[in-house]
Each structure stands twice: as C-alpha cells, then as structure tokens.
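Following: one structure in structure tokens, then a few remarks.
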There are 2 protein chains.
Amino acid sequence: MHTLERSRLRGVSGTETDCAACPGSRRCWGDNLAAEAVYARREPPLERGARLIEQGQQPALYIVATGCLVLRVSLPDGSQRVVGLRLPGELVGLESYARGEQAYTAQAATASAVCRLRLPAPGAGGAHGALLERLLMKSAAQPERASAPWAGLPAVERVAAFIENYTQRAQLSGREDPFKLPLTRADIGSYLGLAPETVVRALGHLSQAQRLAVRGRTVRLGGPA
Amino acid sequence: MHTLERSRLRGVSGTETDCAACPGSRRCWGDNLAAEAVYARREPPLERGARLIEQGQQPALYIVATGCLVLRVSLPDGSQRVVGLRLPGELVGLESYARGEQAYTAQAATASAVCRLRLPAPGAGGAHGALLERLLMKSAAQPERASAPWAGLPAVERVAAFIENYTQRAQLSGREDPFKLPLTRADIGSYLGLAPETVVRALGHLSQAQRLAVRGRTVRLGGPA
DNA sequence: CGGCCACTTGAAAACCTTCAACCTATGTGG
DNA sequence: CCACATAGGTTGAAGGTTTTCAAGTGGCCG
C-alpha cells in the first residue's frame, strides 16, 4: 500500500493537481476535503540530504507527502541549530510569508516527497477561505514552531534573548524606552526553564557588562551601540 | 494619547464593533484595514491577576488591546509553567480551535483590555478570507510558540518528551510501531539544546528504566502500560 | 508596626558539557 | 570478498554551570 501510493504520487510530479485526486489526501487535509478544491504541485522527489529551501530564500509553502524534513537555522555566529522536524501532512515554510523570507533551511532527513501549495495573493480576499482556514488550523496545531532559539545557551544569553525579544515586542505595541517587565523573576525563570535565582544572577551579569540596566522591574537597553 | 485611546475603547465595551472604528486598529491589524471589515467585541477590562481563559475551556480567540497577559500551562504533575506572553496586538487562544479546548490559562500580568474575535464557523468558507489571511500571518509571526514543554526539565525528560512527540506524529502520518528516528543523536541534541553524549546517556537511562527500547535509530515505546 | 512577597546573596550539591578515546556500521575500492 | 575509510555512536573522567537550600533584605499594604 505504501509503495503503491508512493509510485502513484510520483506519477503526477510537476503538474498542479487537485489534492482530492491524491491517494494521500486524507493525511494532508483530513477526511472531508469536500467543498473547496485545494491544488498542489508535486515536486521532484528529494534524496536524503537534499535541500528543499534555504534560509533567506523567497517565501514558499510546502506540505510534506512522504519522508521527513529537518529544519535548521544558521545563527549569526556561524553555528547551526535544529529548530524543527516535519513529517507527512505537516507544513514547511509558512512562517516565510509573515517574514518575507524563509526562516530556516529545510533538508530531507530521509528520502522525501513534498507538494508545493500556492497561497492566494495577499489581499485577494474572498475566495480560498477554506484553504486559509485549513492552513490556519494546521499552523496552530503544528506541534513545535521554529522554536526556542535559546535552549541550550548559557543562562545569561537566554535571559538576554528574552529581554531583547520582549523589548522589541513592547516597542511594536507602542511602549517607550524604560520598559517595565510585567513578570516576576520566578515567571521569567519558569518561561526560560531557569531557577529564579539564576535569573537574578544573569540580570546582574548583563547589568555589569553594560548590556542593559536593571533596577527592580525596570530595564533599559544599553546594547553594544 | 494613551489614556484617551483607552477611555474611548472602554466606551464601546460589550458591543461588537468594526475594528476600523477603533483608534488602536493599526496596532492590531496593520496599516490598511481596508477591503474587508473585521468585527470584534471589546471585553470588560481585566485587573491585574484576573483570568481571561482557563486551560481546558472551550475555544475562544482574543486579541490584546492594552496591557499584558501571561500564558501558563498546568502539567499533569501539578506544577505550572509559563509558556508565553502576549502584548497588545497579539493573539490569545488561537491554538484552542485546533485542539478543541484552550491549551493554556491566560492571566493579566498588568491591567489589560482585550477584544474577542468571532472566527467564522468551520466549513463556512468563502467569506472572511481577509480575516483568515490576517490571522494566518499573525499566527505564523507570533514570536514564541505556546510550548517548549521541555526547557528546564532534566535531560532524560527532554529526550523522553521528544521521542513521545515524535512517535505520536509518526503514527499520525501512518507509521508503524518500531519507529525509526531520522535524526542523528547530534541533531536531537541540537534540537533539545543538549550535547550528543547527553542524548546517548539519556536514551540509555530510558532504556534501562523500561520506558522505551532503543537499538541504534530504532525505538519502540515500552511505556508504563 | 507587622506580615507578606518579591528580590537578592552565598555555599554545597547535582547536573550537564567537554575532551578524549574507542567501538560499530556502512559503503567504497581493490 | 576483504580491507579500509568514514560517519555515527558509545563510554569514562574532569571541569564548569545551574540548581538547591538557606538566610537575609527591601518594598507595599492592612
């Protein structure tokens, strides 16, 4: 059954076809792919180790048909980290539409096959409601996101990353420079997976290294400016 | 400006209004909220410490207008962990639609105000394309996922959580019991923030504790069944 | 003023990483 | 078919970081 399915899938590679005609459709879209047709283009099969997308490339959305993809990000310091796994039925590259570019590199961990989805042009509105709804549900259900950029880093860096992320978002939401943390050290620790005491010491180090100024819950960035 | 905005917002609390009429609309929906109207209902203001949603409740989607919410999950062992923060313009509760129930408890970290969004009924299709598209973009951009359930846990538990999550997804995608990990120990370590050697030793411990059987890249669950 | 809670600081213990060596499987060329 | 090369995997010991435990400080509110 598995091999049969695979060969039938390979048969339509390269053409854009209705997902309803695909034997693996249930895995991708669930049981009732009724009302509105979803069209996808089967891409050429990926050998183990082949790259589907490269970090920084232009947005594109895929759904895994068979195999398994590993998602990696390259950090500014040159190191790489695995940030996710995608199995059949899961989405690859959705984040790229929000960012304007691919957030990670996707590489086949085993021989894999994927289909490319065409996302309706932004602002087109109206049509494709069902597709969008399904994508939304899928993305909200996707077990782990291009995830914790800080796991495994030393505690000081985790806290620094948290503060940076927080201040960026706080600015976006219209707050001004001396930011006030709404969380206790215990909450920050719970979020980062650190003991409260460790958060205190980390903030102390960052303060001493002039990377920021902390007094109580008030933080001010004093970056390498 | 801030206080003016807040008072105007409070004025419409309880009624479902067009977001375009809201002075804070740009923060929630960006610059051009043109084509299609989005309607939201302003909820009564939340005092510091008040709960907006409770883990396990029925699905509901909110967008933060002012203040800040903390997201927490209660783990089976009774402990709690912070899994996210939501600032103005960010979404709360989207995951609930995929899961059928709220994934976390949301509590006001500071006095806050939120609007409730009405998500088009599943399967309604057609209309609301713009709303869905915006939600999709927002959710894909949402900085941290509502889960890195393993951060801060001992290495053994992190690896166990990874294997469990992987096998669940592998089953969903149609794989059978002796699962084959597509990743090297180094990749698993990179994903979990652990050294490869630590992954090896953790797998050893899990194996010895009968929690699973590992041989090379083949794992079989041997849970507390 | 007293109590509570968050925050801070110090020292010992536990844990994880690093380093270095060795082992095993797989695949290639002879 | 074997020899070798390579990549992944495993194991042990030393060293560094983080957690834990314990005690003490500071602010806020009844």
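All values below come from the heavy atoms of this structure, side chains included, with hydrogens, waters and symmetry mates left out. Letters A, B, ... are given to chains in the order of the sequence lines, protein chains preceding strands, and every chain is numbered from 1.
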So, does the side chain of B/R215 form a donor-acceptor pair with the base of D/dG9 at under 3.5 Å?
no
Would you say the side chain of B/V92 lies within less than 4.5 Å of the side chain of B/V114, judging by non-hydrogen atoms?
no
A/R158 vs D/dT18: side-chain N/O to OP1/OP2 distance below 4.0 Å:
no
Distance test, side-chain N/O of A/T184 to OP1/OP2 of C/dA6, below 4.0 Å:
no
What is the distance from CG of A/L194 to C1' of D/dT20, rounded to the nearest Å?
14 Å
Taken to the nearest whole Å, CZ/B/R185 to C1'/C/dT17 is 18 Å
Can you list the steps and then say if A/R185 with A/R217 is a side chain to side chain contact (heavy atoms under 4.5 Å, CB included)?
CA-CA 9 Å; A/R185 316 278 140 134; A/R217 287 199 196 177; 4.2 Å; yes
Figure out the CD/P separation between B/Q208 and D/dT10, and round it to whole Å.
14 Å
Closer to the 5' end of DNA chain D via nearest nucleotide, is it A/R48 or A/R201?
A/R48
Closest heavy-atom pair, B/Q80 versus B/S74, reported as atoms and distance to 0.1 Å, is NE2-OG, 3.4 Å
So which one's nearest nucleotide on DNA chain C is more toward 5', A/G152 or A/V200?
A/V200
Check the pair B/D187, A/L85 against side chain to side chain contact (heavy atoms under 4.5 Å, CB included), reporting the backbone distance first and the verdict last.
CA-CA 10 Å; B/D187 282 338; A/L85 253 192; over 6 Å; no
Which part of the nucleic acid, if any, lies within contact of B/P154, taking any heavy atom under 4.0 Å across all strands shown: a base, the sugar-phosphate backbone alone, or nothing?
sugar-phosphate
Using a heavy-atom cut-off of 4.0 Å across all strands, would you classify B/G193 as base, sugar-phosphate, or nothing?
sugar-phosphate
Between CD of B/E197 and P of C/dT17 the distance, given in whole Å, is 9 Å
Quickly work out the B/D187 CG to D/dA7 P distance and round it to whole Å.
15 Å
Test A/E16 against every option in A/R118, A/R41, A/R116 by the salt bridge (charged side-chain N to carboxylate O under 4.0 Å, His left out) rule and name the one that passes.
A/R118
OP1, OP2 of D/dT18 versus side-chain N and O of A/T198: anything below 4.0 Å?
no
Take atom CZ of A/R217 and atom P of C/dA6, then tell me their distance rounded to the nearest Å.
8 Å
Separation of A/I188 atom CD1 from D/dT19 atom P, in whole Å?
14 Å
Integer-rounded Å distance: D/dT18 P and A/E157 CD
10 Å
